[in-house]
2 protein chains.
Amino acid sequence: MKTAIRGARPRSAAGLPALSPDQVVDAAIRLTEEHGLDGWTIRQLAAAIRAWPAVVYHHVGDREAVVDAVLQSVVAGMPVPADDLPWRDWWHRFLVDGRATLRRYRGVARRLATRGPTVPAMLAIADHGIRVLRRAGFGAESSDVYQVLVSSSFLMVALEDEWAADPSLRSRTAAVLAAHRDREDMPGLAALASLWHRTCNDQETLRARDEWFFGYAVDRALDAVQVRLDILTAK
Amino acid sequence: MKTAIRGARPRSAAGLPALSPDQVVDAAIRLTEEHGLDGWTIRQLAAAIRAWPAVVYHHVGDREAVVDAVLQSVVAGMPVPADDLPWRDWWHRFLVDGRATLRRYRGVARRLATRGPTVPAMLAIADHGIRVLRRAGFGAESSDVYQVLVSSSFLMVALEDEWAADPSLRSRTAAVLAAHRDREDMPGLAALASLWHRTCNDQETLRARDEWFFGYAVDRALDAVQVRLDILTAK
DNA sequence: ACCTGAACACCGTTCAAGT
DNA sequence: ACCTGAACACCGTTCAAGT
């Protein structure tokens with residue numbers, strides 16, 4: 001709202017103290033929690049700290065720089081399981097708990113997938129994850145396994161983020177599929193439609209279904225990796 | 001460029017015939033092939049057909065409507081393997097060939113993942129894919145398996161699209177990791193860094209690596225699904 | 001050093017007016 | 001029916017000027 005800025009007197013005149021970079025980033029984190037990383041503008045961020053857009057540039061930099069700071073903060077808050085867990089437990093824990101954290105900050109998962117360890121806090125996580133795999137016997141394939149597990153999981157969270165940001169995406173899918181529930185000439189489609197019919201009725205069953213499906217996808221990814229480990233350690 | 005529009009005389013005065021919705025969509029498809037679905041604006045699309053932005057709205061609708069038309073066209077061009085292939089071959093073919101098509105139109109894969117069978121041409125594909133799984137013995141789990149295979153693959157293509165649209169994302173990752181190649185205190189990270197060092201040197205090995213990795217990810221997804229099938233058909 | 005306020009070059013979208 | 005041309009309400013970013 002323009003009024004929010006217009007209404008604000010100059011910070012000093014209003015008795016407001018000087019801002020710090022941290023305060024700008026904190027405000028960005030709160031906005032991200034509420035509207036997602038693509039759901040706020042520099043102008044809204046400035047309004048949230050009762051300042052002008054140029055103030056954000058002065059303290060932090062352009063939008064990219066603010067986003068990087070938010071990413072760093074969120075990743076730093078991701079729980080890392082204990083080193084001595086069996087590899088499959090370590091990764092299941094990390095991915096499922098990681099989802100819970102990432103989903104609180106829509107849009108972060110997608111950027112983590114594209115930027116990888118550019119975010120400093122991801123470096124330690126990558127090291128842990130790969131060490132756990134190497135100890136388990138994945139050997140030289142550990143890095144590839146790491147990339148598969150992290151990419152596929154983070155991207156799945158990114159997908160959930162998009163659905164959360166625009167619920168009409170799924171309700172439209174539900175509506176389209178509903179029209180094909182009883183098509184006997186397309187039994188595959190009818191099966192898919194009946195699955196959507198069962199899960200998309202109310203908000204709560206949908207949420208539960210999403211959580212179940214993420215776990216299902218993670219378990220499948222871990223199954224796949226287990227198959228590789230069996231082959232690698234057999235010879 | 002504004003000049004591109006400014007320079008154009010009114011269509012009739014310039015001897016240009018009236019436009020059709022198809023011509024607008026065709027231009028959008030060409031722009032998507034060149035710059036990706038997020039790489040052109042309504043104004044650029046209008047300029048490409050030597051018209052004003054409002055003309056796009058008149059013939060097709062808002063940006064969403066144009067995007068939907070592009071999605072429909074691209075999906076309609078995706079090759080669908082023969083029905084009688086064994087399930088694993090069918091899916092491997094569909095996903096690998098599908099990637100080749102989708103990658104020619106950056107940004108399409110991501111939207112297909114979020115919109116699913118909202119795109120009409122996806123309905124027949126979903127039906128085929130699920131029927132193949134049901135015939136193989138996946139039973140009631142066929143729809144979930146379909147969702148896992150399609151989501152994970154399309155999202156991986158979406159990730160490649162983002163890297164292609166902004167190469168600096170990966171060169172920055174490469175630069176960050178290069179600094180950790182010889183860190184003995186972080187052996188996992190060092191392993192990841194040496195993988196990037198090997199693959200990110202020139203454009204061609206990177207392209208080959210991406211293609212290999214997609215195949216690796218698809219094979220892992222199919223491995224995982226095979227494990228489920230073994231369990232389901234054993235009892 | 002920190003902030004103001006305006007400006008610049010863009011967006012997508014709408015609309016009255018023309019032919 | 002089809003197109004023009006301008007306008008509206010936004011963006012991110014920059015910058016001279018203030019304190």
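All figures in this text were calculated on a predicted structure; none of them were measured in a lab. Within every chain, numbering begins at 1; the chains are lettered A, B, ... in the order of the sequence lines, protein sequences first and strands thereafter.
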- Cation-pi check, Arg181(B) to Trp196(B): give yes when NZ or CZ is under 6.0 Å from the six-membered ring centre and within 45° of the ring axis, no otherwise. no

- Message: Are more than 12 heavy atoms, taken from residues, nucleotides or ligands other than Glu204(B), located less than 6.0 Å from that residue's CD atom?
- Response: yes

- Check whether more than 12 heavy atoms from other residues, nucleotides or ligands sit under 6.0 Å from atom CZ of Arg103(A), and answer yes or no. yes

- Query: Any salt bridge between Arg207(A) and Glu211(A), counting N to O under 4.0 Å?
  - Reply: yes

- Message: Measuring to OP1 and OP2 of dG5(C), would you say a side-chain N or O of Trp52(A) lies under 4.0 angstrom away?
- Response: yes

- Query: Is the phosphate of dT4(C), meaning OP1 or OP2, less than 4.0 Å from a side-chain N or O of His58(A)?
  - Reply: no

Whole-Å gap separating [atom2] ([N]) and [atom1] ([X]):
{"X": "Arg43(A)", "N": "dC11(C)", "atom1": "CZ", "atom2": "C1'", "answer": "12 Å"}
{"X": "Glu64(B)", "N": "dT13(C)", "atom1": "CD", "atom2": "C1'", "answer": "13 Å"}
{"X": "Arg50(A)", "N": "dT4(C)", "atom1": "CZ", "atom2": "P", "answer": "10 Å"}
{"X": "Leu19(B)", "N": "dT4(D)", "atom1": "CG", "atom2": "P", "answer": "9 Å"}
{"X": "His35(B)", "N": "dC11(C)", "atom1": "NE2", "atom2": "P", "answer": "12 Å"}
{"X": "Ile42(A)", "N": "dC11(C)", "atom1": "CD1", "atom2": "P", "answer": "19 Å"}
{"X": "Tyr57(B)", "N": "dA16(C)", "atom1": "OH", "atom2": "C1'", "answer": "17 Å"}
{"X": "Asp38(A)", "N": "dG12(D)", "atom1": "CG", "atom2": "C1'", "answer": "14 Å"}

- Side chain of His59(B) - closest among dC2(D), dC11(D), dT13(C): dC2(D)

- Message: Measuring from the side chain of Arg63(B) (C-beta onward, heavy atoms only), which nucleotide among dT4(D), dG12(C), dT4(C) has the closest atom?
- Response: dG12(C)

- Item | Between Thr118(A) and Thr173(B), a side-chain donor and acceptor under 3.5 Å | yes

- Item | Residue closer to the 5' end of DNA chain D, Ala54(A) versus Trp40(A) (nearest nucleotide) | Trp40(A)

- Message: Can you tell me the base-pairing partner of dT13(D)? Count Watson-Crick or G-U wobble geometry only, both distances below 3.5 Å, and say none if there is no partner.
- Response: dA7(C)

- By the Watson-Crick or G-U definition, both distances under 3.5 Å, dT19(C) is matched with dA1(D)

